Amino acid sequence: MTGSAQVSQQQREDLQMADVQTTDVVVPPAMENAGSSPRFTSMIVRRIAQAVLLLGLVVVLLVLLTPGLIAHQSPIATGDNILTAPGHAHLFGTDQLGRDVFSRVVYGSRPVLMASLAGVALATVAGVAVGVLGGFAHRMVRALVMRVVDVLLSLPVLLIALILIATVGSGLSSIAIAVGIAFTPGFARVVESSVRKLRSAEYVQAAKVFGSGGVRTSFRHLLPNLATEVVVLISSGVGWAVLTATTLSFLGLGVRLPAADWGSDLAAGATNLSTAWWLSTFPGAAISLTILLANFLGDYVSAVLDPRGGLGLRRGIRSFRTRQKGTRA
Amino acid sequence: MGAFLAAGFAASPLLAACGTSSKSSSSGGKSGTQTLTMGIASTPDTLDPGATGLALTLLITFAMFDPLVWWLPDSSGGKFYPGLAKSYTVSPDATTYTFKLRTDVTFHDGTKFDATAVKATYDHVVDPATKSKSGLGALGPYKETKIIDPTTVQIIFTEPNASFLHQQAAGNFGIASPAALQKYGATGFGNHPVGSGPFMFSKYVSGDRLTLVKNPAYKWGPEVLGTTGPAYLDELIFRIVADDNGRYNALQSGQVQIAMNLPANSISAASKSGKFQQLTVPSIGTPNGMPINVSKFPTDDPKVREAIMYAVDQEKLVKDVLFGVDTAAHTVLTAITPGYSKSSAALYSYNPDKANALLDEAGWTKGSDGVRTKSGQKLALNIILFSGAGFELPTQFVVSELAKVGFTATTTVQPFATAQGSFNAGEHNLGAFGYYGADPYLLNIWVNSNAIKAGFNWSHYANPEIDKLIAKANSTAADGARGALYEQVSTKLMQDAAYLPLWDVNGAFTMAKKVQGIKTTLNGYILFNGAKLS
Amino acid sequence: MGFVLRRLSASLPVLLGITVVAFLLIHLMPGDPAKVILFGSNAGPDQISALRQQLGLNEPLWRQYFHFLDQLAHGNLGTSYLTQNSVAHELVSRTPSTLVLTATALLVAIVVGVPLGLIAGVRPNSLVDRLARGFSFLGVAIPYFFLALVLVLLFSVRLQLLPAIDDGTPQALIIPAVSLGWGYSAILTRLIRGRIIEEYRSDYVRSARARGCPEWRVLLRHTLRNSSIPAITTIGLQFGNILTGAAITEVIFGRAGLGSFLATSITNKNIPVVQGAVVLIGIGYVLLNLVVDLIVGAVDPRTRLTPAIS
């Protein structure tokens, strides 16, 4: 569209970050304090943040791999105690069919996380492929590819999801594909602009002068640098993907009944909100916690890969950017 | 024939709710003006009763159009009351219906009502340009409308059509102003409806609200509605709110005074709160339930189908899942539908032991996980539902009941148009269905063997005997003989276990306490002639 | 003016692409349109095939596409399968509702997000900053559809302060706009805060200060101005997400807008409506990004001089 074609370099950098929800490097507290606070407290805060992250990840893995270990009741077993409030027998209460809400929340994590992770994976593969193609190809091809990306960018994810579901039917795979398609153009744009920047970077130019061919150049020099960019993209996209996937299952487009699923359980409980608050509230809280964790992790990864924060893996790209900005402006 | 219950273009057939507008009622605006706002769940397809395919549209158009003869409930159960016709006679072979018309009726546009209006209305329904949906089907073997004199008219069929009297009262044949039909054309009339009813069309904001205003000249209403004269309400607004929760919220906040077809849990909560009253209209037609595909493994085995019938406890479904709002259904027609057969409803009663025995007999053995297998295959059912018709929760109940006797099932929810394709292709073992219709001839819609590939025969039930029996019943004018024939049909369908009836969807209207005088028709609609706000 | 024209002509290929997508929908979505139209009318195979012929579905694809474009150029989007009314008319009548909702939601996002990000960025690690950071994390984490349900329950059902569904009054916009705009205000807070911190470290801010420029002037003239650019471009890029959010919000609040109309039309296979909506959304997307570019150009004149990259 109009925006991408003609924005300045500075804006491009902004765009990349804005493409995904966790945007402009708000570094998690631990990272940010590094420069300004005394070294000692900064260490402690950093360790706590890392511990929390680690714990969160362990819980997520446990829930994904062995939900039975945490939830002792079947998420689909109906019972005679319907709509009982949270208590000893049922930690999060029971629903209209007498099913244990706690078990449903635990098992409900699986479809959400699977759909959003699969969606992001899909978008990564497609986005990198399209972006690299756009970055390397002839001007005309690139223009064509990027216009297609622009067309995709104009389609709301809901539209894509609904059309997919009308076409191939509802289910987790439809949601994953919809998330994938919705994220692809954003990813493709970031990758495309990175590739082009990297290509004109001095060391790549130098490699060319010394006789390395196009393909070799791309593998030896571009991919490692691109990898950093892509890892940041993925880590910051997961939280957004979780929100998107739950939005779609909230609309009843995802899971196969009676399997547990946060979005559809939240929607099913909505009409009970005033009489049985626990039906929607616990899945809702689970969604929020997951997005929080994903965004926190995303920021952590970005911070680690950012020159200002940690290992300085992006320093190369960064210094190049500054230079190019100078020449353009 | 009637309109599809939870159908295509709009979620449920009977979704409408009303209430006073917030402007005049809650903020106390213009004094003395009575405005009732009703929250309905979907967008009407047209405002032309002759063209529509939705029961929801008929609910609305009943306020604007009068039929020739009303079919209304009273102390005796129900009977025909004079409408725009003072009297009628039926020929013994059920091919010719003669109506004597009133002479004091005027349409909203000032046109006088006489025999030409009746002819124009019926000819409008059969006009291909009208693209009539349920009306055309309901009219059956229509031949012509003959004007004998300005106050006498005959509607003639090419074959016996015993269902016609019920059909003409069911809403599709509200008499339209011939001048308006002429002026706006066959399709334009749907945006400019002109009838003779107690309310006149005022304004429609597409997808948002429909406003009707009182017809001050009205004086030909049936007495049983509380008044024969003009309506008490000045304005009647139908507000479209697709979200179930949204309608209930709007009722609680006072923005609507009637919320139509709320989910069972909201209805239960509303009545417990003591702030609202509940009006429940028994439905007419085929109750909500699951067509059992008789041509797909493993439900192609009659024993498996019978086991399904015995395994599901409809009473518990209604009590627990539907909060007692609806009634349990046990046969292919609801209890108030003409032709309802009590004996067919008694064929199966909840009996999981019997279900287990039938499955044992059929060679399905229970494994350690509780799922039955036979020669390496699991007793697995593919269930397909369509969204927006309230089947999700009841189906999960059915699945848990079936699991107790050794079934396993996967359930997919599809948009209606997609599900329809899946059902015609026979991908399901159990589907979802419900049909609104005033005459048992509606069975022809979903059991006729020619309706498998493109119609509503989602049981894939092909039985030439049944096809013939239904045709014979519809050409029998005598009520007793007709009833006996339909009883045979119902019994055979239930014996063959082609349909798992679940619950009788009642038209459910949750209303503010101040709403009074709403009356119901025998065919599931409500009438606002005598409605007022206290 | 030349700038606007250049941008518009650059978006022509995108618009054309969108028409291709819209056109292909009728063939991508399963189910025979003729059957959808005739649903419920007991039509036989003859009527269905006659209608297919009439709809031009038997023509070669390219001819159908050119016919589609031709109709489009004349502003004719066909008739709705459901109501038999003009699609253009139905879409146009629902557009203002969506525009008002999204604009108000964005206003909420800006009114909350910009000052919060600004204060937080100016005083990093202060109490306000900590609160702002907490808000920016929570804001994106709480799903707007859940927030909407809770707000309605609280303010409409319990306290009876605000309408639960749309009644055309400005009050009825409050809950939908807040729930839809909330997440974006969190994004804005984050963006602005990060940018301000970065700008404050930059050379020109330091030199401006050294020249004795008052603090508020530094903040407003230099820092905020530069910080607002990513915020504005983000809004352009979030177009699709905002529309998705609007659709769900419209359903929850009974608003007759484009989003809810599109959602029900896809479910009902009302293909002409879906096609028209896709084209309309495409035009909206292009226009919005044009406006974004114009604003960015006005805020930062450098960008206008930048030659086209592609």
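Nothing here was measured: the structure is a model prediction, and the numbers come from that model. So you know, we letter chains A, B, ... as the sequences are listed, proteins then strands, and number each from 1.
Contacts between C/Val152 and chain B at a heavy-atom distance below 4.5 Å involve the side chain alone, from C-beta outward. Of the two parts of C/Asn85, only the side chain, counted from C-beta on, holds a non-hydrogen atom closer than 4.5 Å to a non-hydrogen atom of chain B. Contact annotation for B/Ser206: both backbone and side-chain heavy atoms come within less than 4.5 Å of a heavy atom of chain C. With a threshold of 4.5 angstrom between heavy atoms, B/Asn450 does not approach chain C through any atom at all. At a 4.5 Å heavy-atom cutoff, the contact between B/Asn245 and chain C is made by side-chain atoms alone. In this structure, no portion of B/Pro128 lies under 4.5 Å from any heavy atom of chain C. Contacts between C/Leu149 and chain B at a heavy-atom distance below 4.5 Å involve the side chain alone, from C-beta outward.
Donor-acceptor pairing under 3.5 Å is recorded for the side chains of B/Gln414 and B/Ser422. B/Ser202 and B/Thr211 share no side-chain donor-acceptor pair at under 3.5 Å.
Looking only at heavy-atom pairs under 4.5 Å with chain B, the residue among C/Thr83, C/Leu153, C/Thr264 that has the most is C/Thr83. Among B/Leu47, B/Asn191, B/Thr187, the residue with the largest count of heavy-atom pairs under 4.5 Å with chain C is B/Asn191.
Nearest heavy atom pair, residue C/Leu82 against residue B/Thr43, reads CD2-O, 4.4 Å. Considering all non-hydrogen atoms of both residues, C/Ser185 and C/Val112 come closest at CB-CB, 3.9 Å. Considering every non-hydrogen atom in both C/Asp167 and C/Ala172, the closest pair reads OD1-CB, 3.4 Å.
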For a ring pair (Phe, Tyr, Trp, His ring centres under 6.0 Å) check, start with the C-alpha distance between B/Trp446 and B/Phe456, then their side-chain angles and the critical distance, and finish with the verdict.
CA-CA 5 Å; B/Trp446 69 265; B/Phe456 286 127; 10.0 Å; no
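Partner B/Thr52 forms a side chain to side chain donor-acceptor pair (under 3.5 Å) with one of B/Thr57, B/Thr61, B/Asn172, B/Thr46 and no other, that one being B/Thr57.
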